[in-house]
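Protein chains get the first letters and strands the later ones, always in sequence-line order, with residue 1 at the start of each. Everything quoted here is computed from the prediction, not taken from an experiment.
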Protein chains: 2
Amino acid sequence: MLGSLIGDPARANMLTALMSGKALTASELAAEAGVTLQTASSHLSKLESAALIFRRKQGRHNYFALAGDEVGSVLEAMMGLAAKHGLTRTRTGPKDPALRKARVCYDHLAGELGVRMFDSLRARDFLAGPDDRLVLTDAGTTFISEFGVDPEQLKSPRRPLCKPCLDWSARRTHLAGILGAAMLQRVYELGWAARLTDTRIIEFSSTGERNFLNQFTTA
Amino acid sequence: MLGSLIGDPARANMLTALMSGKALTASELAAEAGVTLQTASSHLSKLESAALIFRRKQGRHNYFALAGDEVGSVLEAMMGLAAKHGLTRTRTGPKDPALRKARVCYDHLAGELGVRMFDSLRARDFLAGPDDRLVLTDAGTTFISEFGVDPEQLKSPRRPLCKPCLDWSARRTHLAGILGAAMLQRVYELGWAARLTDTRIIEFSSTGERNFLNQFTTA
DNA sequence: CGGATGCTTCGATTATGATCGAAGTATGAA
DNA sequence: TTCATACTTCGATCATAATCGAAGCATCCG
C-alpha cells in the first residue's frame, strides 16, 4: 500500500532526499534517514519493488533515484497537504542522540534545539500568526538583526520567510523557510556549531550550546 | 504522518468511500472498512484530528466528509499512482459508474471524460512538451479561445497553466492546472454538465456529453 | 592478493498501533 | 419512561514491521 510505504519516516526522508532529483547511494540515503545501512537497504528494496525508485549500479555503488516525475509530484502533493495540516509522524525519530538533539533538516535546524528555537521565537512574540501563515513581528525583526541576520537578505518571491516544519524526533515544530535557513547559517558563523561531514548531525560545542540556549530562552 | 494515516487499510477504505463527496455516518464507514464500530470510531478520530475529514452531528448520527477538495485531490493522486504501480489492494477507482465517468478532482475534470479531454488535447497538438513541462501551443490557444475560454484570464504567477494529474479510475492522465479548471468551468457554463449536490459527480446531459465528445475528439 | 568499502540478506528484538469486548453517554421512538 | 440505536472511550491483546548486529558477497585499490 502506497500510503504505508511512504508513511514510514525513514522511507519518507529518503524519498524527500531523492526529490532533489539527484541520484544518491544507499549509504547517502541511510545517512539522510538516520538509520543503518542495512535498514536503509531493506527500505530501498521495498521502494524499488513498488517501482517508486529505480537503481543504477556502478561498480560497488548503487545509485537510487525516483522512478519518475509522477512519483515526485504525488510526494510533493502529500507533503504540501501534510505541511498544511501539521500532521504528526508516528515514529519518534532517530535513535542516535546526536541526531535527536540537533540535525539538518533540508537547510535548517531540526531536533530538540531546532524546536527550542521555534518555541523561543513563538513565546517571545518574535513570530506571530497561525502556523500556516507565520510572520516575523517587528520585535522579531529587531531580534534577528541583533543576532546578526540581515532582514533585507531574507526577501524571496519564491520561498516563505517563516514556515513551520514538523520535527521528526521531537514531534513538535521547528523553523523552516528562509529564516530557518538563515538562522542556522548564523549559528555556523558564530562558531557555535558545525555540521558533521557526511551526516545530518549538527554538533554544538559546549560554549556554543550554552550561548544558543541563552539566545533562545523559553523562560 | 499523512502516508501512514492513509496507509492503513481500514482508513483507506473509509477515505475511498468518502471520495464520492457524500457524507457518511460512522456506522456506514465501519461497514465500508469491514471493522467494528469502535474501531471505525477510533480511526475517524485520527482522521479528524489530522483535518482530513470533518464531522457534522445530526442528533445521534455523526456524518463525516472529506475536509475539502484539496484532500480529495491528494488522495486521488495517490490512488492514481498506487493503481498505476499495482500497489492497490482494492478495485481501481470508485465503484460508482457515475464517478468513474466524470467527477471533480479538486477543481478540474477527472474520470474517463477528463482523460478523454487530455488525450484529445495531446493528440491534436494543442498541448506540447513533456508531462512535467506541458505548454499550450498556439493552435491550442486558438482552440480554447474558440471553445470560450479566455487565454488572458489564465495567467497566474502562482499556479501552472497545464499540469498532468494522474487519474484514479482510468490510470491515465487528466488535465489539472489553471487550464483544467477553466475548461471545467466552461463545460458548466455551456450547460453540458453540472456537479451533483453533495457529491463529486459531474453529470453530463446526453446532449452535453455528445457535444463534449465531439469537441474533444480523439479521432 | 589482501584489506577496505559498499551493499544485501538473515534473524532476533521490540516498539507501535490496529483490534475488539466492555462500558458509558447521547439521542430517538414507542 | 423504557428500550433501541448511534457512537465514544478505555484497556488488554497481539500482529506487524522497523531496527540493527552479524555474516556474506561484490567491487575497488594499493
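A/Thr25 comes within 4.0 angstrom of the backbone, heavy atoms only, and of no base. At the heavy-atom level, B/Ser27 lies under 4.0 Å from the strands shown only through sugar-phosphate atoms.
Here A/Ser41 reaches the OP1 or OP2 of C/dT8: one of its side-chain N or O atoms lies under 4.0 Å away. Taking 4.0 angstrom as the limit, B/Arg60 places none of its side-chain polar atoms (N or O) nearer than this to OP1 or OP2 of D/dA4. Checking the phosphate oxygens (OP1, OP2) of D/dT19, no side-chain nitrogen or oxygen of A/Thr39 falls inside 4.0 Å. One finds a side-chain N or O of B/His43 lying less than 4.0 angstrom from the OP1 or OP2 phosphate oxygen of C/dT19. Side-chain nitrogen and oxygen atoms of A/Lys57 include none within less than 4.0 Å of the OP1 or OP2 phosphate oxygen of C/dC7. OP1 or OP2 of D/dT8 lies within a sub-4.0 Å distance of a side-chain N or O belonging to B/Arg55.
In this structure, the side chain of A/Thr25 does not engage the main chain of A/Tyr63 through any donor-acceptor pair within 3.5 Å. Not a single donor-acceptor pair under 3.5 Å links the side chain of A/Thr218 to the backbone N or O of A/Ser120.
The distance between atom CG of A/Leu44 and atom P of D/dC20, rounded to the nearest whole Å, is 14 Å. The nearest whole Å value for the distance from the CG atom in A/Leu29 to the P atom in D/dA18 is 16 Å. Here the P atom of nucleotide D/dT27 and the OH atom of A/Tyr63 are 15 Å apart, to the nearest Å. One interatomic measurement links the two molecules: NE2 of B/His61 to P of C/dT27, which rounds to 12 Å at whole-angstrom precision. Atom pair B/Ile53:CD1 and D/dC7:P shows a separation of 12 Å (rounding to whole Å applied). Atom NZ in B/Lys46 sits about 14 Å away from atom C1' in D/dT8, given to the nearest Å. Computed from coordinates, the B/Gln38 CD to C/dC20 C1' distance equals 6 Å when rounded to whole Å.
Relative to the side chain of A/Leu37, the nucleotides C/dT8, D/dC7, D/dT19 differ in distance, and C/dT8 lies closest.
For the pair A/Gly59 and A/Arg11, nearest-nucleotide mapping onto DNA chain D gives the more 5' position to A/Arg11.
Centroid-to-centroid, the aromatic rings of A/Phe216 and A/Trp192 stay 6.0 Å apart or farther.
Of the candidates A/Ile6, A/Leu47, A/Leu52, A/Arg11 forms a side chain to side chain contact (heavy atoms under 4.5 Å, CB included) with just one, namely A/Leu47.
In B/Glu209, the CD atom is crowded: over 12 heavy atoms of neighbouring residues, nucleotides or ligands sit closer than 6.0 Å.
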